[in-house]
Structure formats: structure tokens, C-alpha cells
Amino acid sequence: MKLKQLEGYLGDVAAFKDPKVQLEQYPTTAHLASRILYTAESSYGDIDGKAVVDLGCGCGMLSVAAAIMGASSVVGIDIDADALETALDNLEELEISDTVDLIQASLCVRAPDTGELSLNNDLVAKMRGKFDTAILNPPFGTKPGNKGIDVLFLQAACAMADSAVYSLHKSSTRDYLVKRARAWGFDCQVLAELKFDVPMMYKFHKKKSVDIDVDLLRLSRQTRAPSA
């Protein structure tokens, strides 16, 4: 499938009906999603015939793209029931609901005393290594109480994916994420420097749109050299 053809299909994917600011719900555009999944398949063969997980799937833009690009199965995980309802509508409209399963679950848990976030280890343990590829556009962690959530999402993805992870992150976090990836046993490559368009969606937005500098990262498991 050609890139423009994929982007055309994704143009029919509906976005959030009532986005929630605390969840940092900003839509992944068809333009961006098509390039992420097209690159993952055409350059690395990480989608077609693969088991794919989409973390923080929202309305299913990346899940839909993975299914269209030939994934053998896709699991989309999100905490928000409203977003998953829209995602299901998108899957049924595009007639790919047989390929994609949706799960309502939280990748993070919040400490009752401090409010700090940590990984939902029970969920991660159940899905550890069950997928070939993980794809995600995680929250940036800019809202109060969300500090570090982008790193937790990426850590969960690395635990669940047996081969590769594709993720969007603010370019300003690049050096830190590369170090974290190495600690998890992954090599981290910046595939592209992109602009993430944040439209005027919430009352506090003053501009029609704002472009945020983001990196498309590909994390791949480090291979150990054979022992002598």
C-alpha cells in the first residue's frame, strides 16, 4: 500500500468527541499516523503479519493503521471508555473489528499517599513479551499529576514488545529516553524529527494551533554477542 493511500483511509477515522484534558487527549493526525506505520513496515517489516499492541490507543488511529498495513492482530489499550467507544465505531466503520481487540485498562497506578505514578505491574506482567511490535503516542506528562507518564508508557511498551517499539516523544526528552532505553535493554534510534500539531481544543488554549517538536523513536531489543 502506498503512503498516500494509507493516509486517505485514515482520514475517515473519527477523533475524540469530548476530549479530557487531564488525560492529555490530543488526536494523532492521519498525516502523522500514516508515516509512522508506513515507515515501520516499509523500512523494518515490523507490521505486516505481526502481533501489534497500541498503548493509549485513544480513538484507535494507530490501531487502524496497523490493521490496514497487515498486522495479524492488534490490541488497543486505553483507560477511557468514551475513547474506546469511538475506537470501536471506527473499527466497525472500516470493517476491521475482527483484527483489533480493545481493552479498557490503565497502564499506570497512582500512589494513594503521594499521588506519584508507577507502572501497573499486574497488567504489564500479563502481557509481557506477547507482541512483536508496540506503537504509541503517549501523553507528554505536562499536566499536574502526570509527571513521568510518557516514560512509564514507553517502559510498558518495551516489556510487552518482543521486537520493536515505535513511539512519539517531545524532542527535549531525547537524551534522557535514549539512556532509559539502554537500561531496559533496548537500542533507541531517532527515525524522524516531526511537528505535532496541537489544535485549539480546550478553554485554556489561546492559539488556533501550536506545533510541538517531537521525535519518532524506534526502540529495538539489544542482541547479545554469542559467548566464546
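Side chains are part of it too, since the values below use all heavy atoms of this structure and drop only hydrogens, waters and symmetry mates.
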Asks: Look at the side chain of Glu41 and the backbone N and O of Ala66, then say whether any donor-acceptor pair between them is shorter than 3.5 Å.
Replies: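 Pair absent, no side-chain N/O of Glu41 close to backbone of Ala66.
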
Asks: Using 4.0 Å as the upper bound for N to carboxylate O, is an ion pair formed by Glu116 and Lys147?
Replies: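 Answer for the salt bridge query: no.
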
Asks: Report yes or no: does Arg174 contribute a side-chain atom to a donor-acceptor pair with the main-chain N or O of His169 at less than 3.5 Å?
Replies: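 Checked: no pair found.
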
Asks: What closest approach, in Å, do Arg221 and Asp162 show between heavy atoms, and which atom pair accounts for it?
Replies: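 Shortest heavy-atom contact: CD-O, 3.3 Å.
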
Asks: Tell me the closest heavy-atom pair linking Gly11 and Ala30, and the distance in Å.
Replies: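 Taking Gly11 first and Ala30 second, the nearest heavy atoms are N-CB, 3.8 Å.
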
Asks: Under a 4.5 Å cut-off applied to non-hydrogen side-chain atoms, are Leu152 and Gln155 in contact?
Replies: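 Yes, close enough: below the 4.5 Å cut-off.
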
Asks: Between Asp46 and Arg218, is the closest basic N to carboxylate O distance under 4.0 Å?
Replies: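 Salt bridge present between Arg218 and Asp46.
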
Asks: Could you give the distance from CG (Leu91) to OG (Ser63), rounded to the nearest 0.5 Å?
Replies: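 The distance works out to 7.0 Å.
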
Asks: Indicate yes or no: at least one non-hydrogen side-chain atom of Glu193 is less than 4.5 angstrom from one of Asp213.
Replies: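 They are not in side-chain contact.
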
Asks: Might you work through the side-chain contact (heavy atoms from CB on, under 4.5 Å) test for Lys17 and Asp89, ending with a clear yes or no?
Replies: CA-CA 12 Å; Lys17 297 176 182 176; Asp89 289 343; 3.9 Å; yes

Asks: Taking a hydrophobic cluster as the set of Ile, Leu, Val, Met, Phe, Trp and Tyr residues connected by side-chain heavy atoms closer than 4.5 Å, whether directly or through intermediates, do Leu168 and Tyr176 fall within one such cluster?
Replies: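 Each belongs to a different hydrophobic cluster.
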
Asks: How about Leu217 and Val190: do any of their side-chain heavy atoms sit closer than 4.5 Å?
Replies: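 Yes. Closest side-chain heavy atoms under 4.5 Å.
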
Asks: Nearest 0.5 Å please: distance from the CE atom of Met69 over to the OG1 atom of Thr39.
Replies: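 Answer rounded to 0.5 Å: 9.0 Å.
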
Asks: About how many Å separate CG of Asp101 and SG of Cys57, when rounded to the nearest 0.5 Å?
Replies: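 The distance works out to 11.0 Å.
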
Asks: Just wondering, are more than 12 heavy atoms of other shown residues or ligands nearer than 6.0 Å to CD in Glu92?
Replies: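 Yes.
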
Asks: With the side chain counted from C-beta on, respond yes when Leu37 and Leu62 share a heavy-atom pair under 4.5 Å apart, and no when they do not.
Replies: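 Side chain of Leu37 against side chain of Leu62, heavy atoms only: contact under 4.5 Å found.
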
Asks: Atom CZ of residue position Arg110 - does it have more than 12 heavy atoms of other residues, nucleotides or ligands inside 6.0 Å?
Replies: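 Correct, the count exceeds 12.
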
Asks: Count I, L, V, M, F, W, Y as connected when their side-chain heavy atoms are under 4.5 Å apart, and connections chain through other members. Are Met1 and Tyr166 then in the same cluster?
Replies: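 Yes.
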
Asks: Would you find a donor on one side and an acceptor on the other, under 3.5 Å apart, between the side chain of Ser34 and the backbone of His31?
Replies: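 Here the side-chain-to-backbone pair exists.
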
Asks: Under 3.5 Å, side chain of Ser72 to main-chain N/O of Lys50, donor-acceptor pair present?
Replies: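 Flag set: sc Ser72 to bb Lys50 pair under 3.5 Å.
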
Asks: So which heavy atom on Ala67 is nearest to which on Val100, and how close?
Replies: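 Distance-wise, the nearest heavy atoms are CB-CG2, 3.9 Å.
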
Asks: Taking atom OH of Tyr44 as the centre, report whether more than 12 heavy atoms of other residues, nucleotides or ligands fall under 6.0 Å from it.
Replies: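 For Tyr44, atom OH is crowded (more than 12 foreign heavy atoms under 6.0 Å).
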
Asks: Quick one: do Val165 and Cys188 satisfy side-chain contact (heavy atoms from CB on, under 4.5 Å)? Show the steps, please.
Replies: CA-CA 9 Å; Val165 174; Cys188 183; over 6 Å; no

Asks: Would you find more than 12 non-hydrogen atoms of other residues, nucleotides or ligands less than 6.0 Å from Gln189 atom CD?
Replies: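 Counting neighbours around CD of Gln189, more than 12 heavy atoms of other residues, nucleotides or ligands fall under 6.0 Å, so yes.
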
Asks: Is any side-chain heavy atom of Lys170 less than 4.5 Å from a side-chain heavy atom of Thr142?
Replies: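 The answer is yes, as the side chains (C-beta and beyond) meet within the 4.5 Å cut-off.
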
Asks: How many angstroms lie between CG in Leu102 and CD in Gln104, if you round to the nearest 0.5 Å?
Replies: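 It comes to 10.5 Å.
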
Asks: For Trp184 versus Cys158, what's the shortest heavy-atom pair and its separation?
Replies: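 Looking at all heavy atoms of both residues, the closest pair is CE3-SG, 3.7 Å.
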
Asks: Can you find a pair of side-chain heavy atoms, one from Val214 and one from Phe140, that are under 4.5 Å apart?
Replies: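 Val214 vs Phe140: side chains touch.
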
Asks: Taking all non-hydrogen atoms of both residues, which atom of Gly145 and which atom of Leu117 are closest, and how far apart?
Replies: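 Shortest heavy-atom contact: O-CD1, 3.5 Å.
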
Asks: Kindly work out whether a path of hydrophobic side-chain contacts (I/L/V/M/F/W/Y, heavy atoms less than 4.5 Å apart) joins Ile103 to Ile135.
Replies: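 In one cluster with Ile103: Ile135, no.
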
Asks: Look at the side chain of Asn90 and the backbone N and O of Ala14, then say whether any donor-acceptor pair between them is shorter than 3.5 Å.
Replies: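 Side chain of Asn90 to backbone of Ala14, a donor-acceptor pair under 3.5 Å: yes, one is there.
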
Asks: Please examine the side chains of Asp80 and Gln25, heavy atoms only from C-beta on, and report whether any two atoms are closer than 4.5 Å.
Replies: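 Touching, per the 4.5 Å side-chain cut-off.
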
Asks: So, does Asp132 use its side chain to make a donor-acceptor pair with the main chain of Ser163 at under 3.5 Å?
Replies: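 No: the side chain of Asp132 does not pair with the backbone of Ser163.
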
Asks: Tell me the closest heavy-atom pair linking Ala156 and Leu119, and the distance in Å.
Replies: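 For Ala156 and Leu119, the tightest heavy-atom pair comes out as CB-CD2, 3.8 Å.
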
Asks: Cluster question for you: counting only ILVMFWY and a side-chain heavy-atom cut-off of under 4.5 Å, with indirect links fine, are Leu107 and Leu23 together?
Replies: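 Hydrophobic grouping puts Leu107 apart from Leu23.
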
Asks: Spell out, as yes or no, whether a donor-acceptor pair under 3.5 Å connects the side chain of Asp150 to the backbone of Gly141.
Replies: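 Checking the backbone N and O of Gly141 against the side chain of Asp150, no donor-acceptor pair under 3.5 Å is found.
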
Asks: Let me confirm one number: the CG-CG distance from Leu177 to Asp215, rounded to the nearest 0.5 Å.
Replies: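 If we round to the nearest 0.5 Å, Leu177:CG and Asp215:CG are 8.5 Å apart.
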
Asks: Do Asn137 and Leu32 have side chains that approach each other closer than 4.5 Å (heavy atoms only, starting at C-beta)?
Replies: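 No, too far: nothing below the 4.5 Å cut-off.
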
Asks: Between Asp54 and Met61, is a side-chain contact (heavy atoms from CB on, under 4.5 Å) present by the stated rule, with each step listed?
Replies: CA-CA 9 Å; Asp54 178 5; Met61 178 66 82; over 6 Å; no

Asks: How long is the gap from CD1 on Ile149 to OG on Ser118, to the nearest 0.5 Å?
Replies: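 OG of Ser118 is found 11.0 Å from CD1 of Ile149.
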
Asks: Do Val109 and Ile77 belong together in a cluster built from hydrophobic side chains that touch within less than 4.5 Å?
Replies: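 In one cluster: no.
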
